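Within every chain, numbering begins at 1; the chains are lettered A, B, ... in the order of the sequence lines, protein sequences first and strands thereafter. Here the structure is a predicted model, which is why all the values come from computation and not from measurement.
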There are 2 protein chains.
Amino acid sequence: MNAGAVPNPTPPADDTTHDAASGTEADFLANYDPHKWPVIGVTADVVLLTVRNGNLCVLLVERANHPHQGQWALPGGFVDIAEDLDAAAQRELAEETGVAIEANWLEQLKSYGTPGRDPRMRMVTVSYLAFTNVTQEPVAADDARNARFFNLDELALPNLGIHGSTALAFDHAEIISDGVERARAKLEYTTLAAAFVDEPFTLADLRGVYESVWDIDLHEANFRRKVIGTAGFVEATGLTAKTDGRPAKLYRRGEAVRLHPPILRPTD
Amino acid sequence: MNAGAVPNPTPPADDTTHDAASGTEADFLANYDPHKWPVIGVTADVVLLTVRNGNLCVLLVERANHPHQGQWALPGGFVDIAEDLDAAAQRELAEETGVAIEANWLEQLKSYGTPGRDPRMRMVTVSYLAFTNVTQEPVAADDARNARFFNLDELALPNLGIHGSTALAFDHAEIISDGVERARAKLEYTTLAAAFVDEPFTLADLRGVYESVWDIDLHEANFRRKVIGTAGFVEATGLTAKTDGRPAKLYRRGEAVRLHPPILRPTD
DNA sequence: ATAATAGTGTCTCTCAGACAGTATGTG
DNA sequence: CACATACTGTCTGAGAGACACTATTAT
């Protein structure tokens, strides 16, 4: 295995080489050797969620290279030496899928670093979560031989009770599950749902986001009363949308970020 | 600087050395060289919160070594090569402060990796949050020359509007602030507050946790009604505590983890 | 008795859930 | 017209906030 080919000794337990306790800090830093520490790879992965045709979807890439060649995985890759974590996530997403997203639309999800989660070497990934209403089709490049959105029910996500046929590379099923749980929770107390729809949108569109992400039906009249009654959630545009029945008023996103009080998920 | 003393070249943009695209995965892994990637240090830091005498406190260590020698910092240190992130946090906490805590009492907070946040080298820290009712005094050892609990108002935490006199090493003020915000939010929808008090406890004790962490006064009678009415939050013991007035009933922690509905922080 | 803290009862207001009913489009 | 969807009005029950009142100890 790789650990045999490239020795990776455990370092001393504390940080006392190079006179870390005595002498000046400048001297200490001038002689500091980063290579005495274990070599741990740091990557950034992105869970990009969207709603398409009433289904919650996640953007995946088919791996062009070993390991897990040919399996579907989250877009992501190594963090550059002088690059911020958020920037790495944004860059890797763009490189592998062509999907451009503002760095501040990304929120950090969680880091995963269980030994053995990557067969190449000890690897820690900082995962990010993004929400979008992308309508563009992704374009695979780089380490990805293919890129597309998957409905969640196509995937094997045992933590969510979803048993689709597509298995995921590495521990990405766990990461996606955690991302979906985070998204479900955030709908309750933030205006996140509005990030999933194109402007302008109807209240039925917005309700569809909640129903897709939570996988339940909401009461239409109460949802309307709640959204309209929450200052800054949506703003009327004066436009109307053509539907099969009475035309619906169209809205744009408001300024509010948090919902007071929250829209709580119905309990069973 | 250290980057000059130890060259740390940017690796190729994609992972195609050693025939990552062709050949078998076993061949690829046998020849994989972890050292071709940027050397990024990975550490685990712990924000351990507790309530003492009605004050929210955090456990800090005084750094024995460079860099930031003599400044106060979060307990933490390098993750070992074959050690899980949670275990590293638990181990570093015990080594530097003598405070032993179950690994599953730790929850991951966030990772911080802005270039330059540590003067030694590019460093990513995975921070953890712990809540406890520790009464034992910490014992400094290892990289720490001192260890004690600080009331939050002793610290300089500009993100929280707290302007105490003790400045923190690295970006630890930001990490602590994020941890406190997380704790404040978790009191709303989990039974976390009960983790801060010794068993058995009175409802006044429990209310004191909320008031300390949120830094507000709660309405006593309504708090009582809410807690008693939430199945599984607390369980009666039948014991009573001596106070300056009528003796209070004593409770222990219940089985519930989440609060339905939440105890919302009063809005201003 | 008074002081002090624990605990109960109850009124009001807000709001979620439920559902009936009205409005406005299409075929 | 029927039909479909958008939207409004209103009843009800749960629960938060406020506050008065009772209970049990110490001194």
Side-chain angles (χ1 to χ4, degrees), chain A residues 53-54 187-189 193 197 200-211 214 216-252 256 258-268, chain B residues 53-54 187-189 191 193 197 200-212 214 216-252 256 258-268:
Chain A
N53 305 318
L187 286 197
E188 291 192 313
Y189 56 93
V197 290
F201 52 85
T202 67
L203 293 185
D205 294 333
L206 191 63
R207 181 165 50 88
V209 171
Y210 277 89
E211 293 179 334
W214 285 350
I216 55 168
D217 288 333
L218 288 180
H219 194 289
E220 192 269 338
N222 295 333
F223 179 81
R224 169 185 314 278
R225 179 158 40 84
K226 175 71 194 181
V227 171
I228 299 296
T230 301
F233 196 172
V234 298
E235 292 172 3
T237 63
L239 306 173
T240 54
K242 186 177 176 310
T243 70
D244 288 342
R246 170 176 169 176
K249 290 179 186 163
L250 286 164
Y251 298 84
R252 70 174 73 91
R258 297 187 66 86
L259 296 178
H260 297 288
I263 301 180
L264 294 177
R265 254 180 295 187
T267 56
D268 31 43
Chain B
N53 305 320
L187 287 197
E188 292 193 313
Y189 56 93
T191 58
V197 290
F201 52 86
T202 67
L203 293 185
D205 294 333
L206 191 62
R207 181 165 49 87
V209 170
Y210 277 89
E211 293 179 335
S212 302
W214 286 349
I216 56 169
D217 287 334
L218 288 180
H219 195 289
E220 192 269 337
N222 295 334
F223 180 81
R224 171 185 312 277
R225 179 158 39 83
K226 176 69 193 183
V227 171
I228 299 296
T230 301
F233 195 171
V234 298
E235 292 173 3
T237 63
L239 305 173
T240 55
K242 187 177 174 314
T243 70
D244 288 342
R246 169 175 170 177
K249 290 179 186 165
L250 286 165
Y251 298 84
R252 70 174 72 93
R258 297 186 65 85
L259 296 179
H260 297 287
I263 301 181
L264 293 179
R265 253 181 296 188
T267 58
D268 32 41

May I have the list of side-chain donor-acceptor pairs in residues 240-249 of chain A shorter than 3.5 Å, sequence neighbours left out?
| unit_1 | atom_1 | unit_2 | atom_2 | d |
| --- | --- | --- | --- | --- |
| A:Thr243 | OG1 | A:Gly245 | N | 3.0 |
| A:Thr243 | OG1 | A:Gly245 | O | 3.4 |
| A:Thr243 | OG1 | A:Arg246 | O | 3.1 |

Restricting both atoms to N or O, compile the protein contacts to nucleotides 18-21 of chain D shorter than 3.5 Å, with distance only.
| unit_1 | atom_1 | unit_2 | atom_2 | d |
| --- | --- | --- | --- | --- |
| D:dA18 | N7 | B:Asn222 | OD1 | 3.2 |
| D:dA18 | N7 | B:Asn222 | ND2 | 2.9 |
| D:dA18 | N6 | B:Asn222 | OD1 | 3.1 |
| D:dA18 | N6 | B:Arg225 | NH2 | 3.4 |

Quiz prompt | Difference in axis direction between the ends of the helix from C:dA1-D:dT27 to C:dG27-D:dC1, five pairs, 10° | solution = 10°
Quiz item: In chain order, what residues pass the side-chain hydrogen bond (donor to acceptor under 3.5 Å, both in side chains) check against A:Arg258, with sequence neighbours excluded?
Solution: none
In residues 230-239 of chain A, what donor-acceptor pairs under 3.5 Å come from side-chain atoms, sequence neighbours left out?
| unit_1 | atom_1 | unit_2 | atom_2 | d |
| --- | --- | --- | --- | --- |
| A:Thr230 | OG1 | A:Lys226 | O | 2.8 |
| A:Glu235 | OE1 | A:Arg252 | NH1 | 3.4 |
| A:Thr237 | OG1 | A:Leu239 | N | 3.1 |
| A:Thr237 | OG1 | A:Leu250 | O | 2.7 |

Quiz item: Is B:Thr191 close to B:Leu259 at the side-chain level, that is, under 4.5 Å between some pair of heavy atoms?
Solution: yes
Self-check item: Separation of atom CZ in A:Phe201 from atom P in D:dA6, rounded to whole Å
Solution: 14 Å
Exercise. Could you identify which residues of residues 226-237 of chain A place a heavy atom less than 4.0 Å from some atom of DNA chain C, listed by residue number, or say none?
Key: A:Lys226
Quiz prompt | B:Glu220 CD to D:dG17 P, straight-line distance once rounded to whole Å | solution = 14 Å
Self-check item: For the student: nearest non-hydrogen atoms of A:Val197 and A:Val209, plus distance
Solution: CG1-CG2, 3.4 Å
Self-check item: Contacts of A:Tyr210 that satisfy ring pair (Phe, Tyr, Trp, His ring centres under 6.0 Å) - sequence neighbours left out
Solution: A:Trp214, A:Phe223
Quiz item: How close or far is atom P of D:dG17 from atom CD1 of B:Ile263, stated in whole angstroms?
Solution: 10 Å
Quiz item: Atom CZ of B:Arg224 and atom P of D:dA16: how far apart are they, to the nearest Å?
Solution: 15 Å
Self-check item: Beyond-backbone contact of A:Ile228 with A:Leu203, side-chain heavy atoms, under 4.5 angstrom
Solution: yes
Quiz item: Which residues pass the salt bridge (charged side-chain N to carboxylate O under 4.0 Å, His left out) test with A:Arg265, sequence neighbours left out?
Solution: A:Glu188
Self-check item: Rounded distance (nearest 0.5 Å) linking atom CG of A:Leu187 with atom CD of A:Glu211
Solution: 11.5 Å
Protein-nucleotides 23-27 of chain D N/O pairs under 3.5 Å:
| unit_1 | atom_1 | unit_2 | atom_2 | d |
| --- | --- | --- | --- | --- |
| D:dA23 | O4' | B:Arg246 | NH1 | 3.1 |
| D:dA23 | N3 | B:Arg246 | NH1 | 3.3 |
| D:dT24 | O2 | B:Arg246 | N | 3.3 |

Quiz item: Which two nucleotides bound the region of DNA chain C that has atoms under 4.0 Å from heavy atoms of chain A, read 5' to 3'?
Solution: C:dA16 to C:dG25
Exercise. State which residues pass side chain to side chain contact (heavy atoms under 4.5 Å, CB included) with A:Ala204; sequence neighbours excluded, sorted by chain then number.
Key: A:Thr202, A:Arg207
Exercise. Can you sort out which residues in residues 202-210 of chain A have a heavy atom within less than 4.0 Å of DNA chain C? Ascending by number, please.
Key: none
